[in-house]
Amino acid sequence: MARRSIPILKHLLSSTRSQSQSEPFNSTFKRCVTYMHRPGDGTPRPVTLIPGDGIGPLVTGAVEQVMEAMHAPVYFEKFIVHGDMKAVPTEVLESIRKNKVCLKGGLITPMGGGVSSLNVQLRKELDLYASLVNCFNLPGLATRHDNVDIVVIRENTEGEYAGLEHEVVPGVVESLKFCSERIAKYAFEYAYLNNRKKVTAVHKANIMKLADGLFLESCREVATKYPGIKYNEIIVDNCCMQLVSKPEQFDVMVTPNLYGNLVANTAAGIAGGTGVMPGGNVGAEHAVFEQGASAGNVGNEKVAAQKTANPVALLLSSAMMLRHLQFPAFADRLEVAVEKVILEGKYRTKDLGGTSTTQEVVDAVIDALD
């Protein structure tokens, strides 16, 4: 058999050579790539779900419907939490610690009155030290600027949001501000793993020379370990001006807590609005995914009653969650469906210039799933 097969092999090789010499190389040919999963990767994963306040139940309900339609390998453990509670219920924290991953709608933060934000409580309890918001142009959605693709990474547990402030004497309040180098490490590692080219540190060290100066020292030290990534610095007020005039110059931005909140919302407004920007909060052990930029309509009773909240941001955040859980094919499928609906422009909520309800957008996304 071996001897008889030699002439056949020679014939096949010669015919292949002659064919390759006579036909031009097809540059459009793409090799098929198969995702090689690890044993057990396809096992459905539990995810803690917090619907939240106002429009929260609407948009988290949208995610539940899409996940079911995709047959995504996740299932939700749902807990009712409201922003006016004094603390995050113990059973909720235990669920997140067990599952490692949470998806949540917005929680209202009461103004004043000594009631702390449950959003901040969650971040501190779980040490979710890095907040990530991805602000980018969606094809088909008209914005003032093109080629925007900015990732804002801000410190999430320290600085002003740590709540370390007290009244020294009547009329004099002292607030402690400090920064950690781990947020700088996270930003550069994110840039490295996602093939990003530049990291910009946002600061006000020209005035707060010690506090923000320490932040810059940390960023500069970490930058030396990533020679392939360009590093620069920008003062926060100039940063805001540059964002609204030439946002395409930014790639990854790393910021202390308060500046990052302002910068992320500014970048979101430039790229299409808070209703389409995904985000998440991550730490060494846990991750909580939610709408990326602050949603001013979280407690908007009119939007909630009319059921016209935009589900796109949380749908894209849930795609980030799927990728975090190592289900990239499902994440890609969801993102493609959302982008297809935005591009077609037939179903859009009021904040995107349309008249659709939340459910109409969800139905369109489900129909667009390949």
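Note that the coordinates shown come from a computational prediction; the quantities given were computed from them, not determined experimentally. Computed from heavy atoms alone, side chains included, the values below leave out hydrogens, waters and symmetry copies.
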key: Heavy-atom side-chain contact between M70 and I366 under 4.5 Å   = no

request  = Test E181 against E217 for side chain to side chain contact (heavy atoms under 4.5 Å, CB included), laying out the working first.
outcome  = CA-CA 9 Å; E181 73 171 325; E217 285 180 18; over 6 Å; no

ask   = Under 3.5 Å, is there a donor-acceptor pair linking the side chains of E77 and T48?
value = no

ask   = For the side-chain contact (heavy atoms from CB on, under 4.5 Å) test, which of Y192, F188, Y190 pairs with V252?
value = Y190

query = Just by modelled atom types, is the S131 backbone N or O under 3.5 Å from a matching donor or acceptor in the N281 side chain?
reply = no

message = Quick one, H286 with V101, criterion side chain to side chain contact (heavy atoms under 4.5 Å, CB included). Give me CA distance, side-chain angles, the key distance, then yes/no.
response = CA-CA 6 Å; H286 311 93; V101 177; over 6 Å; no

task = Indicate yes or no for a side-chain donor-acceptor contact from S356 to the backbone of V361 under 3.5 Å, with no hydrogens or angles considered.
result = no

query = Is a donor on one side and an acceptor on the other found under 3.5 Å between the side chain of K209 and the backbone of N206?
reply = yes

inquiry  = The test is side chain to side chain contact (heavy atoms under 4.5 Å, CB included); show your working for V282 and L132 and say whether it passes.
reply    = CA-CA 8 Å; V282 298; L132 186 150; over 6 Å; no

key: D84 backbone acceptor or donor facing H82 side chain under 3.5 Å   = no

task = For the pair N119 (side chain) and L107 (backbone), establish whether a donor and an acceptor sit closer than 3.5 Å, ignoring hydrogens and angles.
result = yes

query = Just by distance, do the side chain of N156 and the backbone of L128 share a donor-acceptor pair under 3.5 Å?
reply = yes

request  = Report yes or no: is the cationic atom of R220 (NZ for Lys, CZ for Arg) under 6.0 Å from the centre of the six-membered ring of Y231, at an angle within 45° of the ring normal?
outcome  = no

remark   = Scanning both residues in full, the closest heavy-atom pair of I80 with P51 reads CD1-CG, 4.4 Å

Geometric class of the F330/F327 ring pair [parallel <30°, tilted 30-60°, perpendicular >60°] = perpendicular

ask   = Are more than 12 heavy atoms from other residues, nucleotides or ligands located less than 6.0 Å from atom CG of L210?
value = no

ask   = Counting only heavy atoms not in F136, do more than 12 sit closer than 6.0 Å to its CZ atom?
value = yes

request  = Measure across R154 and P256 and return the closest heavy-atom pair with its distance rounded to 0.1 Å.
outcome  = CB-O, 4.0 Å

request  = For the residue pair V88 and L122, establish whether any side-chain heavy-atom pair is separated by less than 4.5 Å.
outcome  = yes

Main-chain N/O of K307 paired with T358 side-chain donor or acceptor, under 3.5 Å = yes

inquiry  = If hydrophobic clusters are built from ILVMFWY residues whose side chains come within less than 4.5 Å, do V199 and L216 share one?
reply    = yes

note = Nearest heavy-atom contact between A331 and R323 is CB-NH2, 3.5 Å

query = Do T157 and E155 have side-chain atoms, one donor and one acceptor, less than 3.5 Å apart?
reply = yes

key: For D251, salt bridge (Lys or Arg N to Asp or Glu O under 4.0 Å) partners two or more places apart   = R196

task = Say whether V148 and V244 are linked into one hydrophobic cluster, either directly or through other cluster members, by side-chain heavy-atom distances under 4.5 angstrom.
result = yes

query = With no hydrogens and no angle check, is any side-chain donor or acceptor of T349 less than 3.5 Å from a backbone partner on A309?
reply = no

ask   = Does atom OH of Y347 have more than 12 heavy-atom neighbours from other groups under 6.0 Å away?
value = no

ask   = Taking side chain as C-beta onward, heavy atoms only, is T308 less than 4.5 Å from L58?
value = no

Within 6.0 Å of CD in E68, more than 12 heavy atoms from elsewhere = no

ask   = Distance only, no hydrogens: is a donor on one side chain within 3.5 Å (strictly under) of an acceptor on the other, for D212 and Y259?
value = yes

query = Of all residues at least two apart in sequence or in a different chain, which pass the side chain to side chain donor-acceptor pair (under 3.5 Å) check with N137?
reply = T143

key: Sidechain N-carboxylate O distance under 4.0 Å for E91, K78   = no

ask   = Got H203 and E233 here, is their nearest side-chain heavy-atom distance under 4.5 Å?
value = yes

Distance, nearest 0.5 Å, that separates OG1 of T266 from CE of M241 = 13.0 Å

ask   = Are there more than 12 heavy atoms of other residues, nucleotides or ligands under 6.0 Å from atom NZ of K346?
value = no

ask   = Does any non-hydrogen side-chain atom of F250 lie less than 4.5 Å from one of Q242?
value = yes

ask   = L118, F79: one ILVMFWY side-chain cluster at the under-4.5 Å cut-off?
value = yes

query = Looking only at heavy atoms, which two atoms of G260 and T255 are closest? And how far apart?
reply = CA-OG1, 2.9 Å

inquiry  = Taking R97 first and then E125, would you say they form a salt bridge - that is, a charged N and a carboxylate O separated by under 4.0 Å?
reply    = yes

query = Between T357 (side chain) and E360 (backbone), is there a donor-acceptor pair under 3.5 Å?
reply = yes

query = Side chains of T43 and P73: closer than 4.5 Å at any heavy-atom pair?
reply = no

query = Counting distance only, does the side-chain N/O of E290 pair as donor-acceptor with the main-chain N or O of P278 below 3.5 Å?
reply = no

message = Within the supplied structure, the quantity of interest is the number of heavy atoms (other residues, nucleotides, ligands) at a distance under 6.0 Å from K246 NZ; does it exceed 12?
response = no

message = Tell me the closest heavy-atom pair linking K104 and L314, and the distance in Å.
response = O-CD1, 3.7 Å

task = Start with the C-alpha distance between F289 and H324, add both sets of side-chain angles, then the distance that settles ring-ring contact (aromatic ring centres under 6.0 Å, His included), and finish with yes or no.
result = CA-CA 10 Å; F289 295 89; H324 175 79; 5.6 Å; yes

ask   = For residues N265 and N261, is any side-chain donor paired with an opposing acceptor at under 3.5 Å?
value = yes

message = Taking the side chain as everything from C-beta on, heavy atoms only, tell me whether L49 gets closer than 4.5 Å to V63.
response = no

message = Can you tell me if K350 has over 12 outside heavy atoms packed within less than 6.0 Å of its NZ?
response = no

task = Decide yes or no on side chain to side chain contact (heavy atoms under 4.5 Å, CB included) for C135 and I270, but give the supporting numbers first.
result = CA-CA 8 Å; C135 303; I270 291 166; over 6 Å; no

inquiry  = Are the side chains of V74 and M67 in contact, using a 4.5 Å heavy-atom criterion?
reply    = yes

remark   = Nearest heavy-atom approach of L369 to A69 is CD1-CB, 4.1 Å

